Amino acid sequence: MSTNFFSTVFIFQILLTFIIPSTSAVGSPINIWPKPRSFTWITTPQATLLSPSFTITSPSHPYLTPSVNRYLSQIQTTQYKPLLIPPLNLTTSFPLQTLTITITDITAPLSHGVNESYTLTIPSNTTTATLAAATPWGAMRGLESFSQLVWGNPARVAAGLVITDWPMFEHRGVLLDTSRNYFGVEDLLRLIGAMSANKLNVFHWHITDSQSFPLVLKSEPELAATGSYGPDMQYSAEDVKRVVEFGLEHGVRIIPEIDMPGHTGSWAEAYPEIVACANMFWWPAGAPWEERLAAEPGTGHLNPLIPKTYDVVKNVVKETTTLFPDSFYHGGADEVVPGCWKADPTIQKYLASNGTLSQVLEIFINNTNPYILSLNRTAVYWEDVILDSEIKINPSILPPETTVMQTWNGGPNNTKRLVSAGYRTIVSSSDFYYLDCGHGDFTGNNSAYDQHPDFEQKKGGSWCGPFKSWQLIYNYDITFGLTEEEAKLVLGGEVALWSEQSDSRVLDSRIWPRASAMAEALWSGNRDETGKKRSVDATDRLNEWVNRMVSRGVKAEPIQPLWCIRNPGMCNTYNPIF
């Protein structure tokens, strides 16, 4: 964060405290999602009309300018109808004519750690509001906040306020798997747009897996030609560019993941010689779970002992980095299943010569990680690569200085293990952040369902059940149990939608508003000024935010009956649980 920027903001806030009587925004008649870090009414809460000729002025910028135009159009045309009309009296002053944007560092690129802070000031007695941001990306966050203060026909905006805002965590994302089921480009754009509205800033695109390889690469065209679900279910270079540019216009980074060496069965259609145990039944009849060939249907692991493996892998990695400019590259490395490699004759010979499967994985990482780094990328891996109980590498092979880990198992315990080893960590705990959980299992002939009617359902057939409600997600503190120094290594978090049972038809409702819950928890926290969990307050605000998202074309699912919204407080529990 810019020291000068925050010094200016701090002095401004002190002056406001002594010069103007202020009212806290707790219980405010109008709210913003995610809740800002500081929202102060500098006069009695009120509203002013927006001029029919309202405009936004800002410095010219290749991505901020389209963002300004988009918000201006939205503000002028939406005519948003709140669930509950904000009880704000209109001022008698002239309508608001202009929102003026100033940027401290107009050249700051969209990258990890970029300053997203802003200060939004909407006076009640002038025709100009101001938005001061450290970077264009902070200005986008401020524009979103301004847009949420506008409602009605004729349009009006809350006035007499100052918002000073910045995120608690630098990495706030959504992972979407586009391999198990395909999602069209328009679905991805709608997702990114909704992410930006929730002030989420990372789209983790899990593009390929054992089930399909939809990414078209000029250097390896056969991977998509034979490994995708078909020519109408592929992502061309033009598609990727469209997604990346759309992300930049919305302040959302696009991080690609090409999972390997596991989860690569789809590669075998083009290169069967480099994929172990491809196209085999995933769980041999009568075999214990420990002897399965894959974590789920769809077998195939790259064979690290075949030289050609690296010819193909390096082409894939190099071209992927040219398509995706972000400095983070996700190398996967999760769920390497012993049975798959053990089924391969080449690896069998290696094991017979006293080699181990962990050494096989080390060979792969030693041949690929330096190449990723040579392309000026920070490598991101799933935790399995060093925490798996059976196949893992020596952590010295992946220095914390050049590696980011992503955790999905073990809740707070695995986060603790990673940061205590010095790794910067992204939290995607399946206990809290997996949005696909709770919908049962997708395998057929599953004996888990062949039970007496009175059996205890427990997880309902879903390995990571039950369903992760927005309340559960909102309640999760991703630095729980960490020391102050360890907590600094937690970059943030990502909710994840693995797509075995999801496609375009359910995308919005599976993600929203549950991802909104994480968005607020990572932007401004889940506790109020006294340290108390603010779930009751969040419920009312989230209801309104869901309504606004729906008005923007995002088919978010409801969290309460409309009756609860029209009868505030009547649907709370008698004894608060926090």
Side-chain angles (χ1 to χ4, degrees), residues 1-2 5 32 36 50-80 95-122 127-150 155 157 163-167 172 185-186 188-203 238-254 323-327 548 552-554:
M1 299 293 183
S2 167
F5 180 83
I32 294 168
L50 280 184
S51 169
S53 59
F54 174 78
T55 190
I56 301 174
T57 64
S58 73
S60 177
H61 184 272
Y63 301 114
L64 178 59
T65 299
S67 181
V68 166
N69 293 336
R70 182 178 69 252
Y71 275 108
L72 182 59
S73 175
Q74 181 187 96
I75 289 165
Q76 291 174 331
T77 62
T78 297
Q79 299 177 357
Y80 173 65
L96 188 68
Q97 295 277 359
T98 307
L99 173 65
T100 300
I101 299 175
T102 58
I103 309 290
T104 304
D105 183 2
I106 194 70
T107 62
L110 180 62
S111 59
H112 176 73
V114 70
N115 192 328
E116 296 175 90
S117 62
Y118 69 91
T119 295
L120 174 64
T121 306
I122 309 178
T127 60
T128 300
T130 60
L131 172 58
T135 66
W137 323 107
M140 291 182 189
R141 308 300 174 229
L143 282 167
E144 175 58 40
S145 292
F146 182 86
S147 75
Q148 291 184 36
L149 296 172
V150 177
V157 61
I163 295 170
T164 303
D165 208 8
W166 68 98
R172 309 174 307 281
V185 172
E186 293 299 328
L188 304 186
L189 301 185
R190 189 173 69 259
L191 171 61
I192 292 168
M195 287 176 59
S196 179
N198 282 271
K199 296 186 175 71
L200 295 169
N201 64 354
V202 174
F203 173 42
E238 291 74 22
D239 292 332
V240 172
K241 182 177 181 180
R242 187 178 173 198
V243 171
V244 169
E245 289 294 304
F246 192 86
L248 287 165
E249 291 177 4
H250 288 75
V252 176
R253 299 162 54 207
I254 316 296
L323 292 172
F324 295 88
D326 196 82
S327 63
R548 193 180 282 267
R552 295 180 180 184
V554 177

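Predicted model only: the values in this text are computed from it and were never measured.
- No donor-acceptor pair closer than 3.5 Å links the side chain of Ser73 to the backbone N or O of Asn69.
- Remark: side-chain polar atoms of Arg172 are paired, donor with acceptor, to backbone N or O of Lys199 under 3.5 angstrom.
- A donor-acceptor pair shorter than 3.5 Å cannot be found between the side chains of Thr98 and Thr100.
- Judged by distance alone, the side chain of Thr78 and the main-chain N or O of Gln74 form a donor-acceptor pair under 3.5 Å.
- Residue pairs meeting the salt bridge (Lys or Arg N to Asp or Glu O under 4.0 Å) criterion with at least one member in residues 66-77, sequence neighbours excluded, do not occur.
- Partners of Phe246 according to the side chain to side chain contact (heavy atoms under 4.5 Å, CB included) rule, which considers only residues two or more places apart in sequence or in another chain, are Leu189, Ile192, His250.
- Contact annotation: the side chain of Leu72 never approaches that of Leu99 to less than 4.5 Å [non-hydrogen atoms, C-beta and beyond].
- The line from CG of Asp165 to CG of Leu120 is 9.5 Å long, rounded to the nearest 0.5 Å.
- Side-chain contact between Val157 and Ile122: present, with at least one pair of heavy atoms (C-beta onward) separated by less than 4.5 Å.
- In this structure, Tyr71 has no ring pair (Phe, Tyr, Trp, His ring centres under 6.0 Å) partners at least two apart in sequence or on a different chain.
- Once rounded to the nearest 0.5 Å, the distance linking CE of Met140 with CG of Asn201 reads 12.0 Å.
- One N or O on the side chain of Arg548 and one on the backbone of Gln148 form a donor-acceptor pair closer than 3.5 Å.
- Using modelled atom types and a 3.5 Å distance limit, the side chains of Thr107 and Asp105 yield a donor-acceptor pair.
- Contact annotation: the side chain of Val244 approaches that of Phe324 to within less than 4.5 Å [non-hydrogen atoms, C-beta and beyond].
- Looking at Gln97 and Thr128, their side chains never come closer than 4.5 Å, going by heavy atoms from C-beta outward.
- Pro136 places a side-chain heavy atom less than 4.5 Å from the side chain of Ile106.
- Checked against salt bridge (Lys or Arg N to Asp or Glu O under 4.0 Å), Glu238 has no partners two or more places apart in sequence or in another chain.
- The side-chain heavy atoms of Val252 and Leu200, taken from C-beta on, include no pair separated by under 4.5 Å.
- Asn115 places none of its side-chain heavy atoms less than 4.5 Å from the side chain of Trp166.
- The list of salt bridge (Lys or Arg N to Asp or Glu O under 4.0 Å) pairs with a residue in residues 135-150, not counting sequence neighbours, reads Glu116-Arg141, Glu144-Arg552.
- Taking the ring pair (Phe, Tyr, Trp, His ring centres under 6.0 Å) definition, one finds that Phe54 meets it with Phe146, sequence neighbours left out.
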